[in-house]
Amino acid sequence: METQIPAWHSTVGYPQLGKGPDYRGYVVKVQGTDDGHPERWFTYAFDQDARHTYWIGMTDSADEAKAVLERLLKDGWICEHYIGDDAGHCSDRAMTVRSTWDEGRTKKFRVLLCEAHRNILPDWDRMTIGQYVRTFSGLEQDEPIKGARK
Ligand SMILES: [Zn+2]
């Protein structure tokens with residue numbers, strides 16, 4: 001199914017994707033070259049069902065920030081399970097987030113999993129993706145993956 005991506009516009013001073021019932025989120029510059037630092041952009045997605053905005057990534061340009069949201073609209077959340085050296089990471093649609101704390105409870109680890117892989121890591125907490133983003137207000141595709149997908 002081909003997902004229609006609404007148009008970007010900047011009527012409120014920063015790029016927003018879609019308007020009214022088609023609104024999907026926005027990107028915003030959080031650090032600029034005028035203070036001597038490299039540019040940084042955050043991307044936020046809007047959950048239409050929950051009427052909730054949540055963070056989905058940090059990049060170095062407006063175009064990259066927009067691409068993060070457009071990818072989510074096109075592909076949805078994707079399983080991050082590592083199958084093996086030949087296959088790389090699973091690319092099926094994710095449905096579950098499993099998460100756990102490190103021993104000192106200072107850092108939370110989490111992984112997006114598809115239906116076939118949802119029961120790996122059985123001791124980890126399990127939430128739907130919607131529950132997870134409403135609870136933590138952030139989710140970044142491939143955040144636990146080191147390096148690039150195949
Ligand atoms: Zn999978």
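Throughout, residue positions are numbered sequentially from 1 according to the sequence presented. Order of appearance sets the numbers: ligands from 1, and atoms from 1 within every ligand.
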Inset, instruction - Kindly report the SG-the Zn ion (ligand 1)-SG angle for Cys90 and Cys79 respectively, rounded to 10°. - result: 100°
Legend entry - Whether Cys114 has an N, O or S atom under 2.8 Å from the Zn ion (ligand 1): yes
Inset, instruction - On the 0 to 90° scale, with breaks at 30° and 60°, tag the Tyr44-Tyr26 ring pair as parallel, tilted or perpendicular. - result: parallel
Inset, instruction - Tell me, please, whether Trp8 has Lys66 positioned over its six-membered ring: NZ or CZ under 6.0 Å from the ring centre and within 45 degrees of its axis? - result: yes
Inset, instruction - Quick one: sort the Tyr54 and His52 rings into parallel, tilted or perpendicular, breaks at 30° and 60°. - result: parallel
Legend entry - Arg110/Glu80 salt bridge by N-O under 4.0 Å criterion: yes
Legend entry - Shortest-distance N, O or S atom of His117 relative to the Zn ion (ligand 1): ND1
